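Working notes, beginning with the structure itself.
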Amino acid sequence: MDDILAVLNPAQREAVEAPDGHVLVVAGPGSGKTRVLTHRVGYLTERSGISPYRIMAVTFTNRAAREMKERLHGLLGYQILREITIGTFHAICVRILRREADHLPYDRDFAIYDQGDQVSLIRQCLRELNLDDSDFSPRSIQNSISRAKSQMIGPTEYVPARYEHEAVARVYRRYQRLLLENNALDFDDLLMVTVQLLRGNKEVLDKYQRQYQHILVDEFQDTNVSQYAILKLLAGGHGNLFVVGDEDQSIYAWRGADFRNVERFRGDYKDVKVILLEQNYRSTQTILDAAHNVISRNVQRVPKKLWTENDPGSPVTSLEAYDEQEEAQYVLDEIERLIAEDGYSSGNLAVMYRTNAQSRALEEVFVRGGVPYKLVGATRFYERREIKDALAYLRVIHNPRDGVSLRRIINVPRRSIGRKTIDQLELWAESQGVSLFEAMQMLRQHEDAPVGGRGRTSLLGFLELLEELIAVRRELGVLELLDLVLDLTGYGSYVRDGSDEGEERWENINELRGVAREYSSLPLEESLTTFLEEVALVSEVDNLEEQAQAPCLLTLHMAKGLEFPVVFIVGLEEGVLPHQRSMETPEELEEERRLFYVGITRAKDRLFLLHTFRRALFGRDELSEPSRFLADIPSELLQGQELGEPPSLPTAASDTTRFQDGDRVRHPQFGKGVVLNSKALGDDEEVTVIFRSVGIKRCLVGLAGMEKA
DNA sequence: GTGGCCCCCATTTTT
DNA sequence: TGGGGGCCAC
C-alpha cells in the first residue's frame, strides 16, 4: 500500500487519503483523476479495511468504467472486481431496477428504449392524438420530454413553459403510459424511476444505503439533476461521497448535464473537503498556456491554473487555409510529415472538429491520398438498420409487449402485413386495452375482429413464428437464438440479397453474432437479458481501441477523455466553433469555449489550429471569420501563417488580366479578399472580389488601388 | 403494397 | 451540397 501512495503527488495523495465524508476533487485535464479514483479504492480496501462489496464507483461511459476496472485489476488484483460495483449510472440503475422489479409497475424483462425508439413511440403518440407531426417535430418533443425527465419532472408535474409546449404536455402523458404498456423504460426513465423507487421505498433505500458505504463518482460535472439525486439518496446514510470533476470540461449542458451540481454539492454539505489537482502530466507547458488563456475568459468558473513539469514544447501552430479542401490537404501533408520526419506513428494523431459534416472534406482528401483513417462514431453500429432489425426480433422475443420493436419487424422481411392491416390491428388493440402482441393472440379467438382477411392470416402466421421463438428463448444461448431468428424469419436471406450493400449488411450482422457469442458462457436464463441490456447501453467510443493504427477523425465531444500526442483542430471559425446555434446566450458561448478547451487539452506535444478563409456551407460558399477563441491565445505561443498560394483553379486564365480567379488581394478600404472573376475593361481591369469584411464587391483595380496580397 | 420522386432540412449525442 | 423521410402514383 505504501508503494501505491508513493507514486502520488501531494494533492493526489491528499485526495486518496481523505477522511470519510464528502470530498470534491477538482481535477483538471491530465491531472491523474483516474489514478486518484483507483488509488482511493485501493486506500479504502487495503488501508481502511472496507470490503469492496461496499464500494460503488460510477462513471459516465462504459469506456471509463472499463478503464477503471483494468487499472484496479492491475493495482489490486482480480478478486476485487468480483465484489466492487463499477459501472455507468445507467447500467447501475438497470441492475437495481431489475432486482427490485417487484416494487415497480414494470416487469423484470423490461426493454430499454434508445433515442430512436423514443422517437418512434412519440410518432405513435402524435398519431393517436391526431396531432400533425409536421407541426410538432417528434425529435424536439423527445428532447423536451428528456429534459423534463432528467430533472425528474414527471408527466403529471410537467407544466408547459410556453404555448408551443402545450402539445408536449399531452404527448408526454401518453408517451409515459405507452412506455408502461410496452414494458419499456427509456434512458431517462432508468434514472428517474430509480429516484422514484429509492424515494418511495424505505426498505429498498435502506438496503442500498447499507450496502454502499462509499460512493465514488467520475466526471461529476456531467451529472444531471436526477443523477445527483440518486447519489444524494444512496449516500444519505453514511455521507461518504467522493466526487471528481472539472467544470471547465462540462460540454453536455444541452443534454441536461448541470455543472452547477458542483456548486450545489459544496452548498448541500457542510463538511465538503475540496482538493484541487492542478499538476498536469499530459501536455507541454505551451499547450497548457494556450488552454489557460482560452478557458480563463469564462466567467462561470472557479479560477484555477494547470501547470506541468513537462518541457515547454513547440509553439502551437495556427494557420489559415483557403478553404476546407486546402485545410484538409494541409492536415494530411502535415500528418505524413510528422510520421516520416518526426517519428510519430499514425495512431498518435487526431483531427477534431465541431460537427460531423466537417469530416467529409477530410475524408475525401485522405481517400484521395490513399491514407487510411479511423472515423469515430459517424454511423453508429447499433443504429444501423440491419442491427436494429435483428435486435428488434430479440427484443420482442424477450419482451413481447415491446410494441416499438414489434412494429419495426412486423413486415420485415415482407410478409404481406401492410400499413392498413397494422393500422387496423393497432386501433383494435387500443380499443381492447391490450398490447399489439396480445391483440395478435386475441385474433385467434375473435373471428369478428376488425382486421382484414388476408392480413389476418399473415398476422397469425407471424404470431406462430414468434411464439415458437419465445418458447425456446430460455433454452438457447443468445447466438443460437439469433441464428434461429435469422433463419426462421427469413431475415438472413432477406439481407443477403446478392447486392454489395447486402453483403456489407450481412457483415454487420456477423459482427453482431460475434458480440452475441461473447454471452454464450452465461447461464441461459440471463444470456438474452444481459445481452440486450449491454447492447442498449454501449456507445461508439467504447469500442475505440486505445491505439488505432490510423489517424482518428472525431468530434470535439467524442474527444473528451482521450489524449493524443498530436492534435489538429479544424474549422476554428465564427459560426462553426462557436457554432452558429450556440452563440445566442453567454452560457452557450461559454460551453463552446469549454469545448475548445477540451480539444486543446487532448494534445500531448503538438497542437495545430486551423481555420479557413472561405467555407462551403450547405452548398453555399460563405466567407469565414477566424473564431473569436483564437484571439484569446497570445501570439507568443503561436507560430504560423496563411498557407501559400491558393489552389490554382481550372478556369480560363487570361494573360490580359493581372488578377485571376482565386487570387488573394488586399483592398485599401475593404481589406482582405479573394478574386472570383476578372476581366479587362478599357485600360483598367474589373474584378469581382469576395471580401471578408463586406462580402462580394465589384471594383476597378486601378481606381481602387488593389494589390495582390 | 411498393417504389420512386421530391422536398425539406441541416450541432454536439457519455446512456 | 447531400441524405432521409413523406407522399403520391402505379
Side-chain angles (χ1 to χ4, degrees), chain A residues 58-65 87-94 112-119 123 132-134 137-139 142-143 146 149-150 185-191 218-224 226-227 249-257 324 352-358 360-361 364 376-380 382-383 385 411 414-422 452 454-455 458 533-542 544 554-562 571 575-583 588 591-592 594-596 598-599 615-622:
Chain A
V58 196
T59 64
F60 272 82
T61 64
N62 295 300
R63 182 161 54 84
T88 63
F89 272 102
H90 292 82
I92 289 173
C93 287
V94 169
I112 299 167
Y113 279 1
D114 67 15
Q115 189 173 311
D117 302 321
Q118 294 173 45
V119 169
R123 283 222 165 85
D132 190 343
D133 65 4
S134 53
S137 111
R139 232 354 238 83
Q142 188 269 325
N143 197 40
S146 174
K149 285 188 177 181
S150 72
L185 283 84
D186 66 22
F187 280 156
D188 304 297
D189 279 340
L190 297 179
L191 308 172
D218 191 15
E219 305 276 19
F220 183 66
Q221 78 283 351
D222 285 337
T223 49
N224 63 28
S226 57
Q227 285 161 333
Q249 294 183 70
S250 162
I251 54 173
Y252 285 102
W254 52 276
R255 292 185 67 195
E324 65 266 32
M352 302 173 186
Y353 36 80
R354 174 69 236 261
T355 67
N356 282 307
Q358 290 172 259
R360 167 171 270 130
E364 280 170 6
V376 183
T379 36
R380 318 172 90 216
Y382 288 102
E383 272 162 32
R385 197 168 77 224
N411 198 35
R414 303 264 128 82
R415 43 177 81 89
S416 337
I417 303 176
R419 178 67 194 259
K420 205 168 138 216
T421 309
I422 298 172
R454 194 156 59 104
S458 313
E533 182 174 306
E534 293 191 11
V535 144
L537 298 177
V538 294
S539 81
E540 205 67 15
V541 255
D542 293 340
L544 181 71
L554 72 177
T555 62
L556 289 161
H557 281 92
M558 279 185 302
K560 185 159 149 211
L562 303 174
V576 180
L577 181 68
H579 194 272
Q580 195 63 46
R581 288 170 71 155
S582 300
M583 291 172 48
E588 287 175 320
E591 180 148 315
E592 294 291 298
R594 291 192 292 267
L595 195 50
F596 184 35
V598 165
R615 175 177 297 274
L617 258 146
F618 307 138
R620 303 171 69 86
D621 250 345
E622 307 258 333

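Just so it is clear, the structure is predicted and the values come from calculations on it, not from any experiment. Lettering follows sequence order; numbering is per chain, from 1.
With rounding to whole Å, Tyr252(A) atom OH is found 16 Å from dT11(B) atom P. Straight-line distance from the CD atom of Glu364(A) to the C1' atom of dG2(C): 11 Å, rounded to whole Å. If you measure from atom CZ of Arg620(A) to atom C1' of dC9(B), you get 15 Å, rounded to the nearest angstrom. Look at CD on Gln115(A): it is 12 Å from P on dT12(B), rounded to the nearest Å.
Distances shorter than 4.0 Å separate none of the side-chain N or O atoms of Arg419(A) from OP1 or OP2 on dG6(C). Phosphate contact (OP1/OP2 of dT11(B), side-chain N/O of Asn356(A), threshold under 4.0 Å): absent. Between Thr355(A) and dA10(B), a side-chain N or O to OP1/OP2 separation shorter than 4.0 Å is absent.
Between Glu592(A) and Arg354(A) there is a salt bridge, since a side-chain N of the basic residue sits under 4.0 Å from a carboxylate O of the acidic one.
Once the 5.5 Å centre distance and the 30° plane angle are applied, the aromatic ring of Trp254(A) is found stacked with the base of dT12(B).
Residue-to-nucleotide contacts include a donor-acceptor pair under 3.5 Å from the side chain of Arg139(A) to the base of dT13(B).
In this structure, Thr59(A) reaches neither bases nor backbone, as no heavy-atom distance under 4.0 Å exists between it and the strands shown. The residue Arg414(A) sits close only to the backbone: its heavy atoms come under 4.0 Å of sugar-phosphate atoms, none of a base. Residue contacts shown for Asn411(A) are limited to sugar-phosphate atoms, with no base heavy atom under 4.0 Å away.
In the set dG3(C), dT15(B), dT11(B), dT11(B) carries the atom at the smallest distance from any side-chain atom of Arg581(A). Looking at the side chain of Phe618(A), the nearest of the listed nucleotides dA10(B), dT15(B), dT13(B) is dA10(B). Closest contact between the side chain of His579(A) and the listed nucleotides dG6(C), dG1(B), dT11(B) involves dT11(B). Side-chain proximity of His90(A) to the nucleotides dT15(B), dT11(B), dT12(B) is greatest for dT15(B).
Nearest-nucleotide mapping onto DNA chain B: of Ala536(A) and Arg354(A), the residue sitting toward the 5' end is Arg354(A).
The backbone N or O of Asn224(A) sits less than 3.5 Å from a side-chain atom of Gln227(A), completing a donor-acceptor pair.
Of the inter-residue distances, the one linking Thr61(A) atom OG1 with Leu537(A) atom CG reads 12.5 Å to the nearest 0.5 angstrom.
Atom P of dG5(C) sits at a distance of 16 Å from the matching atom of dT12(B), rounded to the whole Å.
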